[in-house]
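These values consider heavy atoms only, across backbone and side chains, with no hydrogens, waters or symmetry-generated copies. As the structure lists them, so they are numbered: ligands from 1, and atoms in each ligand from 1.
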Amino acid sequence: MRVTINKVKEMKQKGEKITMLTAYDYGTARIVDEAGIPLILVGDSLGMVMLGYESTIPVTMDEMLHHTKAVVRGTKQAMVIGDMPFMTYHISVEDALRNAARFIQEGGAQAIKLEGGVTVAEKVKRIVECGIPVMGHIGLTPQSIYQFGGFKAQGKTPEAAIRLLKDAQALEEAGAFSIVLETVPAPLAKLITQKIGIPTIGIGAGIGCDGQVQVINDMLGSFADFVPKHAKQYTKLTDIIKKAVTEYYDEVKAGSFPTDKQSFTMDESILAQLK
Ligand code: KIV
């Protein structure tokens, strides 16, 4: 049985910290699932860390679904959350419903995530009414970087802080089961967490959130372009991979790979007939 939204809400009530990680492929999702991470987000960050786009904006529904299906195939216990890409839920409620449904029906996800607060509350309400669990996402919402003027912390002025609190409350009222708080000052994230009944999942939002999320490539050190301030590298896969690839290159060049161990034999008599 996969993790349910009831379980996630219960974790907040019990004061149990919630962990979420992104995953974009079968193999990684399988490892994350087996490690017991309850929430796996197929984030539109895949556009940057997997596909090499400069931002998340070019990511399409088809790309998201392709990766969501792979992650679902690799998991047994985690709730898989599909991230609605840019402009797939902004134009109309109908659009938002159709695309949210695709994540569940075609992708096999158990929930969706979308960016925004008050402005998307009506869409969140309708998606939830249709039986699809929704995770909100406020603060530094990467699909709005052009509006923000870059990847900047949000909620630092009194007006912006009040706006974020109202966004969180609007999402809770609309029926979201949890909210990602991205790059929000830690004391504000803590206050929002205390003021709402649903769990907050922080990324660059301090220890006061009910849970934490990281982009897996950031924490594994497998994304070489940059390391965001909110990321902690638990290992540095780029170095490990580069060392292995260089060793392979050197061995092939030197004629020391493959050895008998990686080769197959055949009956000498058959070979003799060919000769
Ligand atoms: O796309 C993503 O990976 C995200 C997380 C950073 C929350 O939205």
His137 side chain near Ile179 side chain, heavy-atom distance below 4.5 Å: no
With a 4.5 Å limit on heavy-atom distance, are the side chains of Val71 and Thr68 in contact? no
What ring-ring contact (aromatic ring centres under 6.0 Å, His included) pairs are there with at least one residue in residues 9-65, not counting sequence neighbours? none
Determine, using ring centers only, whether Phe223 and Phe226 are less than 6.0 Å apart. yes
Of all residues at least two apart in sequence or in a different chain, which pass the side chain to side chain contact (heavy atoms under 4.5 Å, CB included) check with Lys236? Gln233, Thr238, Asp239
Counterpart residues, side chain to side chain contact (heavy atoms under 4.5 Å, CB included), relative to Glu247 (two or more places apart): Lys243
Write none if no such pair exists; otherwise list each N/O atom of ligand 1 with its protein N/O partner under 3.5 Å and the distance.
unit_1   : atom_1 : unit_2 : atom_2 : d
ligand 1 : 1 (O)  : Asp44  : N      : 3.2
ligand 1 : 1 (O)  : Asp44  : OD1    : 3.0
ligand 1 : 1 (O)  : Ser45  : N      : 3.0
ligand 1 : 1 (O)  : Ser45  : OG     : 3.3
ligand 1 : 1 (O)  : Asp83  : OD2    : 3.2
ligand 1 : 3 (O)  : Ser45  : OG     : 2.5
ligand 1 : 8 (O)  : Lys113 : NZ     : 3.1

